[in-house]
Amino acid sequence: MTNTTKKKSLQNFFLKLAACLLIISLVDFTAGAILNKYYFNQQSGYDYLTTCAIENTTADILILGSSRAVNIYNTDIFAKQTKLSCFNAGRYGEPIFYHYAVLKAALKRYTPKTVILSFDAGNFSINAEAYDRIAALLPYYKRHPEIHSIVELKSPFEKMKLLSSIYPFNSLPLSIVAGNRESNKAKYSNSNGFIPIEKTFEGELKTFDYTKEKQLDPVKIEVYKSLMQECINRKVELVVICPPYQIHRIGVDASINEGKRLAQQNDIRFLDYSADTSFTNYPALFADFRHLNIRGVEKFSNVIIDTLKKRFQ
Amino acid sequence: MLFNSFHFLFFFLLVTTFYFILPHNKRWLLLLLSSCYFYMAFVPIYICILGFTIVVDYFAGILIENSNGKRRKLFLVCSLVANIGILCVFKYYNFINENLSYLLHGFGRSNPIPYLSILLPIGLSFHTFQAMSYTIEVYRGNQKTERHFGIYALYVMFYPQLVAGPIERPQNLLHQFREHHHFDSDRVFEGLKIMIWGLFKKLVIADRLGVYVNNAYNYVPEQDGMTLLLATVFFSFQVYCDFSGYSDIAIGAAKVMGFDLMANFRRPVLAKSTGEFWKRWHISLSTWFKDYLYFPMGGNRVSIPRWYINLMVVFLISGLWHGANWTYVIWGGINGFYLVFAIMTQKTRDRFNNFVGISKHPKLFLFSQILITFCLITFSRIFFRSRTIGDAFLIIKKILSFNGSPFNGGTSILIYCFFAVFFLLAVELKKEFYRGSFTLSHHPNFWIRNSYYSLLIILIMLLGVFDGGQFIYFQF
């Protein structure tokens, strides 16, 4: 191969490469803009509730947590009995990273009176899935610089992936379509984030052996500490609550122990109902081993409000 | 380092750039060092096992070539024992020990042999088989020994196919390391396109289907029959796209640098019989077993009962090659049985087809053949995917009840899964039956051709599962 042909081959390659990158960038930009428009146009569904939590709510009581927050804290009961507005910013399957991001975004807009962090057993366990779940925050990355540090925990290359306008909406096209449909609007749009479960627990009790779990994820612990510190700095009342489980447990969950210890260190109240017999002895109050049903929710919400009454006043 | 990671993307770009910058006589060193880095990105210490295999087989090759008669055979046997020995220690030791424990327990005795707490070196079965093919070919006189230690090491370690194949033969690969590969933009683009299609198969199809399949197969007792049925069908597509996706990325990455690796898959979902399926599926392993096990046992040039035994032995060993678990052995056994049964009933089936008259309708006949083959292969994969034999039988029992709903995990997962399967089938059907027409990937117009690949990239960004993890075949 002569030098001239080599040069021509290289020129040809870079020209073609530039043309390909141009097509990809154009499609990425256009499709990304459309997806962005319709994502934030949703009026129902989980993404809509996340947008409400991050961008809209100004509720006095802000509830953070996973599905156990979404299904357990009845915002209506809280609002009626405390005469304060309440928003449930929990999201199914989300770990501490999501809660911290929501809190940071909310604190940037306003200062809630009370923040309730719903705590789960295994909150600090080492599992890669927790980091994958940060994906729920990707659409907010460009609009909310305050959550950058949390989103970037997802992977070392997240910043680079987010150069694409489409990537933040990865796996979301169908839920965006559903969230924009008129017929879907009634779904969760007026619930202030609370989603009740009707069914009653059936089946055998699961056994959880907590004596085996030794290692905790230091990153999650660090994020939990930062969340507490953020509330302290902004003088927001933070209460950490661990709702009840309908399980047979051996030993004590290491995450709950650590969560409790760190809360005490920071003078933050940690209410542990995980093994409270006034709930655990009544399977009829549960929908499954992790979630209270609508009857359990009523009882639990009242217990919490009674316990925190003075603070709410 | 996974092919579907950014880590690999940077690694690949860097290695390829330096490959073309460096003079020809230094390129083998770059490839060898980068292959070492690639392998050590998984578990660094296991490079020692690979090093041991390379040293043993390098000298075995020279000794075999320099000797005659029984000594020649002795050196081959030594090399094979060393390779299979490593496989046995790292892959089968605990499996054999566990079965021994069960056996001794039956006699009321305990097993005094301790278990080894070791991780299986990644891709061990692949590079061991590739190394073995070298010494066997040298012994057979089909391949001259490679005296350059670095180039021989590169033959075993060449990073694109190091951990999950294709399992190359020395006749195809070794000489390519000595050839001068010029930068050829068409070839580079061709390689990149193969890589993009491989990534699409892995991220958009395999990992998307994996979401549904894992959900079902990891919690078998809680699943309905319909969910498990659909998960089993999806798994068939998942494992194909996962493995062939890997092979495509490997073949594409090698092509970019000017190397031609052997094709590993030829649209196996459209096979018309189980026999044909094995000519289309994991071709590099099937031909390895055919050349080094089936033919030496006599192949089909023996008595009929012996032929059947040969087939069963090959498939049982192939099952064991995939993993140290009885589920894989049963999977291999079922597939061996399919072939034996197909041979035994060939005439009866032909008579039946003529009697029913289906052979007069070629399209319907073809469709029924493809469907039946797919169902048979999919059934055997229940054992391939299940964690235990008990799980596999529970899944079969539940599937046969046909109860429940397939909406495991919500409708959207199901819609994405069906989209993935239909997209794959459309491409495969087009390639199989309409070659030359509706061509987008090789359209003469530059803009149409590249818009197609841009669309694939966009779909990867939009629908790919980026947290899907490693390739299924890495564990073998």
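The sequence lines fix the lettering, A, B, ..., with proteins before strands; numbering per chain opens at 1. When reading the values below, keep in mind they use all heavy atoms of this one structure, side chains included, and skip hydrogens, waters and symmetry mates. Just so we're clear, the structure is a prediction, and the values are computed from it rather than from any experiment.
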Requested in this report: Please confirm whether the backbone N or O of A:V219 pairs with a side-chain atom of A:D217, one donor and one acceptor, at under 3.5 Å?
Outcome: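 Yes: the side chain of A:D217 pairs with the backbone of A:V219.
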Heavy-atom proximity to chain A below 4.5 Å, by part of [X]:
X      : result
B:L462 : both
B:F10  : side chain
B:F6   : both

Query - Selection from B:Y416, B:F20, B:Y453 maximising heavy-atom pairs under 4.5 Å formed with chain A - result: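 Top option by heavy-atom pairs under 4.5 Å: B:Y416.
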**Report entry** Contact winner vs chain A - B:N450, B:I458, B:L463, B:I460, heavy-atom pairs under 4.5 Å
**Finding:** B:I458
Query raised in the report: Are B:E190 and B:R187 ion-paired here, with the side-chain N under 4.0 Å from a carboxylate O?
Result: no
Determine all donor-acceptor pairs shorter than 3.5 Å in which one atom belongs to a side chain in residues 33-41 of chain A; sequence neighbours excluded.
| unit_1 | atom_1 | unit_2 | atom_2 | d |
| --- | --- | --- | --- | --- |
| A:Y39 | OH | A:Y140 | OH | 2.9 |
| A:N41 | ND2 | A:N180 | OD1 | 3.4 |

Query raised in the report: So do B:F259 and B:H181 actually touch side chain to side chain, heavy atoms under 4.5 Å?
Result: yes
Query raised in the report: Which pairs count as side chain to side chain donor-acceptor pair (under 3.5 Å) when at least one residue sits in residues 18-28 of chain A, sequence neighbours excluded?
Result: A:D28-A:S164
